[in-house]
K.L.:
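Submitted below is the structure of interest, expressed as structure tokens.
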Amino acid sequence: MKTSRMILLLVLPFMLLPLRAEALIAAHQNYNGCDTCHSLHGSASDTGLLDELSTEATCLACHGPLGIATEAAAHNPNNLLPGEVGYITCLECHNPHDNRTNSKGGTNIRLIGIEYDYNDNPATWYPDAAIREENKVLGVVKGVVFESDSDGTADFNRGDGLGACEICHDPNHRQNRDCTRCHDHATGFMPP
Amino acid sequence: MKLPLRLLLLVGCCLILFSCAGNDDVKPQMQSPVRLSAVTTDGLWVADHLANRVFLLDRQSLEIRDSFPVGPRPAGVVVASGRVFVAEQNAGRVSVYNLSGTPLFRLGQGDNEFLRPNGMALNAASGLVYIADLKAGKIRVFTLNGTDAGFAIGSGELNAPTAVTFDPDRREILVSDFGVPDAPQVRVYAEDGTFLRSLPGTVSSGMLGVTSIFSAPQGLTVDGKGHLFLVDSLLGQVLVLDELTGELLKTVGRTGTGNGELFLPLDVTIDPGSGDLLVANSKPARIEVYRQGGVMP
């Protein structure tokens with residue numbers, strides 16, 4: 001049982017995110033705004049702030065198996081558990097707060113692209129949307145462009161090293177195809 | 001025997017050995033246990049969401065005794081009169097198998113009878129199964145032969161029902177409702193669908209305060225002594241509530257990825273013989289046992 005941390009949450013954004021607009025995507029906003037994740041209604045962490053483990057629990061409560069939203073799983077080909085080095089959690093690829101501008105001047109969709117490494121202390125803010133390479137050197141990030149998946153071509157495997165999968169994977173494999181048509185997010189992008 | 005012949009024999013033997021080893025295929029392992037059947041004399045049936053299988057576990061050791069493949073992304077599982085009912089989420093249907101996995105029939109029209117079938121429960125006395133349809137926002141009711149019972153429960157009242165259980169003593173249906181955009185709650189209905197009461201997930205406590213009891217309600221079960229055992233997948237705990245008032249009496253288990261810790265737990269059941277509390281611990285892909293955890297003073 002947890003009592004609300006409403007005051008903390010009212011103050012926090014002003015202290016920690018100066019001049020940063022915290023627009024949420026409609027789906028999260030319409031649920032419970034900030035509470036959707038920094039829940040006042042019983043949360044995965046005691047403070048309302050989220051680390052890798054509590055973030056994963058938070059997202060999966062809705063996006064995990066038998067949750068209420070579209071199913072997604074972390075990218076975890078090596079069967080690690082959240083918190084272990086090498087575990088590619090939601091926060092390696094998604095910024096839960098907003099869709100970000102990318103290095104091409106456009107805006108990414110599906111919340112792809114983080115704004116700072118949640119392991120950095122103090123945080124360094126990235127000018128452009130990035131994905132974190134958890135598997136390689138801790139804290140190494142690379143710019144990502146993910147603007148449209150309607151034609152299923154450019155954004156996953158753009159050929160310029162900026163696509164959401166080609167950042168970490170050799171683009172030779174099924175080039176210019178929508179990777180998630182076969183590599184379902186619900187399974188953590190495992191081969192079909 | 002001539003050398004070439006002997007060689008041929010050798011190769012033949014090798015081939016046979018090899019193919020035997022090949023047939024001795026690895027037993028499927030659990031990847032994502034999500035829902036549990038009631039414990040029966042046969043054991044415990046577990047729906048595995050990512051393995052697309054149901055597993056039968058030994059009642060005592062909880063080792064895998066058997067398993068068979070089912071439709072895409074299984075959710076609820078119920079056993080009744082030698083049949084296994086499995087909600088196959090991504091096909092929008094509930095399929096019925098015999099105990100060795102032979103498909104028998106499907107509820108209603110089969111594919112897409114449901115929008116997003118989730119948890120299920122059995123009302124043995126009346127020969128009914130309850131299916132929580134998350135997207136339709138109601139509990140569907142079917143007979144064990146697969147025909148629609150002609151009424152649904154909670155239509156227009158439930159927002160996002162994830163799981164359902166039946167209390168055979170009080171003859172009540174208890175539903176976990178994620179609630180969104182309202183507050184999470186457990187809603188209780190009579191057998192005929194009459195709404196009886198709500199056990200709220202949040203209660204207001206003074207000025208700014210909202211005290212939270214649960215936030216991501218999933219699988220639930222009752223012990224026949226007035227206690228409701230409810231899994232909260234976000235908190236990573238089983239909450240024991242007063243079945244009538246919703247008062248929080250006790251919690252079982254704690255969140256984490258270590259041994260015995262719960263990460264995205266989704267269902268709970270009690271072995272009526274031993275009083276053991278069994279929890280589907282989905283992310284670590286285990287069934288957690290709390291010895292006598294289902295026994296309340």
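Note on naming: letters A, B, ... go to the chains in the order of the sequence lines (proteins, then strands), and numbering restarts at 1 for each one. Computed from heavy atoms alone, side chains included, the values below leave out hydrogens, waters and symmetry copies.
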K.L.:
Please identify each residue that fulfils ring pair (Phe, Tyr, Trp, His ring centres under 6.0 Å) with B/Phe114, with sequence neighbours left out.
P.N.:
B/Phe142
K.L.:
With a 4.5 angstrom heavy-atom cut-off, which part of A/Leu60 approaches chain B: side chain, backbone, both or neither?
P.N.:
both
K.L.:
Evaluate the ring planes of A/His28 and A/His63, with Trp represented by its six-membered ring, and classify them as parallel (under 30°), tilted (30 to 60°) or perpendicular (over 60°).
P.N.:
perpendicular
K.L.:
Taking distance alone, no hydrogens or angles, what donor-acceptor pairs closer than 3.5 Å link side-chain atoms of residues 184-192 of chain A to residues at least two apart or in another chain?
P.N.:
| residue | atom | partner | partner atom | Å |
| --- | --- | --- | --- | --- |
| A/Asp184 | OD1 | A/Ala186 | N | 3.0 |
| A/Asp184 | OD2 | B/Arg73 | NH2 | 3.2 |
| A/His185 | ND1 | A/Ala73 | O | 3.3 |
| A/Thr187 | OG1 | A/Asp184 | O | 2.9 |
| A/Thr187 | OG1 | A/Met190 | N | 3.3 |

K.L.:
Is it the backbone or the side chain of B/Gln31 that comes under 4.5 Å from a heavy atom of chain A, or both, or neither?
P.N.:
neither
K.L.:
Where does B/Ser32 contact chain A at under 4.5 Å (heavy atoms): side chain, backbone, both or neither?
P.N.:
side chain
K.L.:
Please tell me whether B/Phe85 and B/Tyr97 form a close aromatic pair, meaning their ring centres lie under 6.0 Å apart.
P.N.:
no
